[in-house]
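One-based numbering, in listed order, for ligands and for the atoms of each. The chain is numbered in sequence order, starting from 1.
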Amino acid sequence: MFVGGTDTNSSTLEWAMAELLTNPTTMAKAQTEIKQMLGLNGFVQEPDISELPYIQAIVKETFRLHPPVPFLLPREAETDVEIFGYFVPKDAQVLVNVWAIGRDPGVWENPTRFEPERFLGKEIDVKGKNYELTPFGAGRRICPGLPLAVKMVSLMLLSLLYSFDWKLPNAVDMDETFGITLHKANPLHAVPVRRIRH
Ligand code: HEM
């Protein structure tokens with residue numbers, strides 16, 4: 001549980017920052033929303049998240065493109081079963097490729113673009129009700145850490161964006177390594193610059 005709950009959170013945060021640093025307009029919109037909400041000398045607190053729809057949309061968009069558990073956890077069919085015309089034999093191992101679902105052009109417009117705007121004004125969420133976006137799984141074995149994870153990632157991102165501007169010493173590459181969890185192949189190197197508040 002400890003590994004499952006830390007690695008996934010830090011990986012999501014790293015992808016979110018990598019996407020924002022390579023999409024400066026999105027970064028600027030996020031920082032403007034935060035500044036309007038918190039002013040210049042505020043403190044970041046958990047209830048602030050619910051007042052920041054663009055930050056929430058950034059977190060969802062990061063989960064869509066970079067689900068930390070790309071195939072969820074393996075399942076095994078207990079009996080022969082037919083689902084939507086596909087036959088799944090007893091004892092077959094079943095993996096759900098949420099990474100591919102998140103990039104399916106039949107489901108998402110401009111699937112490879114990082115566009116948090118796609119979630120604004122929409123009900124769609126990561127809570128297991130919308131099958132096009134299930135980075136935590138769905139149903140009775142859905143990740144029990146979901147509420148904590150969404151709050152932690154949002155709060156960490158909010159703190160990083162509120163307290164600092166960010167510079168890139170080198171170009172960011174978005175290469176991925178696949179395993180049970182999905183990571184950046186090369187760590188993000190970003191330099192924080194303290195925001196001047198006056
Ligand atoms: C970004 C963060 C996280 C993501 C994307 C994530 C994703 C997942 C996924 C996909 C599963 C498998 C669901 C399935 O079987 O279909 C899972 C299971 C689980 N997660 Fe998370 N998780 C995250 C954070 C956490 C945290 C913070 C905790 C604990 C504090 C946690 C605890 C667990 C546990 C105990 C299970 C196994 C549940 C079971 O088999 O019944 N996870 N998680």
*Nearest to atom 15 (O) of ligand 1 by heavy atom, M152, H66, R75: which?*
R75

*Quick one: do F63 and V98 satisfy side chain to side chain contact (heavy atoms under 4.5 Å, CB included)? Show the steps, please.*
CA-CA 10 Å; F63 280 131; V98 288; over 6 Å; no

_Atoms of ligand 1, numbered as shown, that sit under 4.0 Å from any heavy atom of L72_ = 10 (C)

*Against heavy atoms of F63, which atoms of ligand 1 measure under 4.0 Å?*
1 (C)

*Which of the atoms of ligand 1 are close to L73, meaning less than 4.0 Å from one of its heavy atoms?*
12 (C), 15 (O)

_Distance filter under 4.0 Å to P144 heavy atoms, resulting ligand 1 atoms_ = 19 (C), 20 (N), 33 (C), 34 (C), 35 (C), 36 (C), 38 (C)

_At less than 4.0 angstrom from any non-hydrogen atom of P68, what atoms of ligand 1 do you find?_
5 (C)

*Indicate yes or no: at least one non-hydrogen side-chain atom of F119 is less than 4.5 angstrom from one of L133.*
yes

*Is the CD atom of E78 crowded by more than 12 outside heavy atoms at less than 6.0 Å?*
no

*So, S50 side chain and P47 main chain: donor-acceptor pair closer than 3.5 Å or not?*
yes

*Output, in order, the C-alpha distance, side-chain angles, deciding distance and verdict of salt bridge (Lys or Arg N to Asp or Glu O under 4.0 Å) for E123 and K129.*
CA-CA 10 Å; E123 290 294 308; K129 300 266 185 296; over 6 Å; no

*Do R141 and ligand 1 have an N or O pair less than 3.5 Å apart?*
yes

*ligand 1 versus P135, non-hydrogen atoms closer than 4.0 Å: side chain, backbone, both, neither?*
backbone

_I55 versus S154, closest heavy-atom pair with distance_ = CG2-O, 4.4 Å

*Determine the sole option in H66, R118, Q56 for which the side-chain hydrogen bond (donor to acceptor under 3.5 Å, both in side chains) test with E61 is passed.*
R118

_Within the 4.0 Å heavy-atom shell around T12, which atoms of ligand 1 are there?_
1 (C)

